[in-house]
2 protein chains.
Amino acid sequence: MLNMSSAQVVDPSPDRTARARIRDAALHLFGEVGFRATTVRAIADRAGVSAPLVLHHFGSKEGLRQSVEEHLVTQIREGKFATMTGQLTPDELSMRANAEEFAPAMSYLARALTEDAEVGRHLYDRLYQDALVYLQAGEDAGLIRPTGHPEARAAALLNAGLAQTLLRHHLERVLGMDDQVEAMLAIGPPLLDLYTDGLFTDSRIRDAFSTASPSEGTQP
Amino acid sequence: MLNMSSAQVVDPSPDRTARARIRDAALHLFGEVGFRATTVRAIADRAGVSAPLVLHHFGSKEGLRQSVEEHLVTQIREGKFATMTGQLTPDELSMRANAEEFAPAMSYLARALTEDAEVGRHLYDRLYQDALVYLQAGEDAGLIRPTGHPEARAAALLNAGLAQTLLRHHLERVLGMDDQVEAMLAIGPPLLDLYTDGLFTDSRIRDAFSTASPSEGTQP
DNA sequence: GCCCGGACTGAACACACGTTTAGCATGTTG
DNA sequence: CAACATGCTAAACGTGTGTTCAGTCCGGGC
């Protein structure tokens, strides 16, 4: 908010239509600092246009948000953003490319997930359905253990995956990593170990919970 | 924001000092809708006082936030909020009591964790240290599996636990639960199974990742 | 009684910001 | 050429909101 007026006019391709530049600028700023903290003038500055032009094209700041979100919803439908749940990882290079390309959208969606925005619900529901069928397919193929609570398991695992994106800044900080990709790579092995062997050495802890009360929680 | 002026003046104990009522009202509203979206007048209404009195006691809206956060930091130091990472669960009744008592603070801190607020870093660092020593103690006691990446594992598990709080609204929605405690109880068993047996039936998936590249990620 | 300081209020101020208005180019159509 | 639409801007307007001002009430010390 301080030197918002002096925001650099990033014009990677100055020939693109002003309307597109405005929408990109809005996505970037909304994702970075949030909708309310972003001023129409800051969006205009970043897109290299005047403030009234923003409203000329989108009617209002709220209309601009809706346009941004509609664009995101189509991308959600196309199955992008699956990487938010923990990288599917072809290789590090493509991870970096993906992270860079979708960083603004990811920031926006991360924000939308923790507030109760329509687009956040949309994304979560999609990822949840994906997780359900993915886990079921793994079960059918004999790769994933069966469970008596498929919905709860899918949701819990989805949350665990999303958390690595939502809390990426903290992850980088405590692990001393320089960027998100590095941090994601660092937690890969321990997560694979967790998913393969579990965390406990035996069933004593689970037994303790199941005898104490018929259903219970867990620890870090 | 609509009928913010008609916010009910919740006065559970009208004898408490105005200063305390103001701080409570601020914590509640900041946690509910965020700092920027909360007006000084709304805080004053909720506390049953006038807007200038808020500033008389705390200097400015920003000063009020700092006062709120200082109060939270002392509570963090006292080790409250450990339940954010997945309930330690004495029993359902105390879970509900705890959830109710700390709901406003939890909302505030959940928000602080996903933005990059000072108090959020403070909380995360504390929980991370707790997780590290907790897991190490479990290892020493022979209950937790050893790992070659204790920091990364602790951070990843901490995130997974926190996610259940950060994404509680989505969890409730997709599982059709009525409140957070119910949802937490629902994911307890699958998480215990995950921690006890793992998710995969054998090590094929991990092997595939370790042969493909020396370090890699995961799926929902 | 008098004074002083602190809690407290209604009214007003100042600024930020979304939005509106009026107008200027430029290109296209009749 | 006239008429008009389109993309765009500078300037101004109106409102919401943090903050300040001036003053009231009240309790305690002298």
Side-chain angles (χ1 to χ4, degrees), chain A residues 1-11 13-69 108 117, chain B residues 1-7 9-11 13-69 108 111 117:
Chain A
M1 199 48 130
L2 261 116
N3 39 9
M4 189 169 259
S5 56
S6 72
Q8 68 233 19
V9 180
V10 181
D11 252 3
S13 46
D15 49 336
R16 289 183 34 258
T17 132
R19 194 184 152 91
R21 290 203 317 272
I22 292 170
R23 212 184 41 204
D24 283 0
L27 172 63
H28 185 100
L29 289 172
F30 289 166
E32 206 73 16
V33 298
F35 178 76
R36 290 189 67 105
T38 301
T39 69
V40 173
R41 285 167 176 84
I43 297 168
D45 276 3
R46 185 167 231 277
V49 301
S50 70
L53 187 63
V54 173
L55 303 163
H56 172 72
H57 279 302
F58 298 93
S60 67
K61 188 186 178 186
E62 181 59 37
L64 174 54
R65 159 156 60 183
Q66 281 175 22
S67 179
V68 166
E69 296 202 346
Y108 189 101
Chain B
M1 198 52 129
L2 261 116
N3 40 8
M4 190 168 255
S5 56
S6 71
V9 180
V10 180
D11 252 4
S13 46
D15 49 337
R16 289 184 32 257
T17 136
R19 194 184 152 91
R21 288 204 316 275
I22 292 170
R23 213 184 41 205
D24 282 359
L27 172 64
H28 185 99
L29 289 171
F30 290 165
E32 206 73 17
V33 298
F35 178 76
R36 292 189 66 105
T38 301
T39 68
V40 174
R41 286 167 176 83
I43 297 169
D45 275 4
R46 195 185 168 88
V49 301
S50 69
L53 188 63
V54 174
L55 302 159
H56 172 72
H57 280 302
F58 298 94
S60 66
K61 187 185 177 187
E62 181 59 38
L64 174 54
R65 159 156 62 182
Q66 282 175 21
S67 179
V68 166
E69 297 201 345
Y108 189 100
R111 203 171 274 276

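Proteins come first, then strands; the chains are lettered A, B, ... in the order of their sequence lines, and each starts at number 1.
- Put simply, CZ on A:R65 is 17 Å from C1' on C:dT19, counting in whole angstrom units.
- Put simply, CZ on B:F35 is 12 Å from C1' on D:dT17, counting in whole angstrom units.
- Atom CZ in B:R41 sits about 11 Å away from atom C1' in C:dG10, given to the nearest Å.
- Closest to the B:H56 side chain, of the nucleotides D:dT19, C:dT19, C:dA7, is C:dA7.
- To the nearest angstrom, P of C:dA7 lies 11 Å from CZ of B:F58.
- Taking the side chain of A:P52 as heavy atoms from C-beta on, and the options D:dA11, C:dC17, D:dC8, the nearest nucleotide is D:dA11.
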Q.
For B:V68 and B:R65: C-alpha separation, side-chain torsions, deciding distance, then whether side chain to side chain contact (heavy atoms under 4.5 Å, CB included) applies.
A. CA-CA 5 Å; B:V68 166; B:R65 159 156 62 182; 5.6 Å; no
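- OP1 or OP2 of C:dC8 lies within a sub-4.0 Å distance of a side-chain N or O belonging to B:H57.
- Not a single donor-acceptor pair under 3.5 Å links the side chain of B:R46 to the backbone N or O of B:A26.
- Separating the NZ atom of B:K61 from the P atom of C:dA16 is a distance of 15 Å, rounded to the nearest angstrom.
- In the set D:dC8, C:dG18, C:dT9, C:dT9 carries the atom at the smallest distance from any side-chain atom of B:V49.
- The side chain of A:S50 approaches D:dA10 more closely than any other nucleotide in the set D:dA10, C:dT19, D:dT17.
- Among the nucleotides C:dG18, D:dT19, C:dT19, the one closest to the side chain of B:A51 is D:dT19.
- Atom CG in A:L53 sits about 15 Å away from atom C1' in C:dT21, given to the nearest Å.
- Here CG of B:L29 is found 12.0 Å from OH of B:Y108. Values are rounded to the nearest 0.5 Å.
- In this structure, B:I22 places its CD1 atom 10 Å from C1' of C:dA7, rounding to the nearest Å.
- Straight-line distance from the CG atom of A:L29 to the P atom of C:dG18: 12 Å, rounded to whole Å.
- In this structure, B:R36 fails the cation-pi test against A:F35, since its NZ or CZ atom is not both closer than 6.0 Å to the six-membered ring centre and inside 45 degrees of the ring normal.
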Q: Show your reasoning for whether side chain to side chain contact (heavy atoms under 4.5 Å, CB included) applies to A:F58 and A:R19.
A: CA-CA 9 Å; A:F58 298 93; A:R19 194 184 152 91; 3.7 Å; yes
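- Side-chain proximity of B:V40 to C:dT20, D:dG18, C:dA7: nearest is D:dG18.
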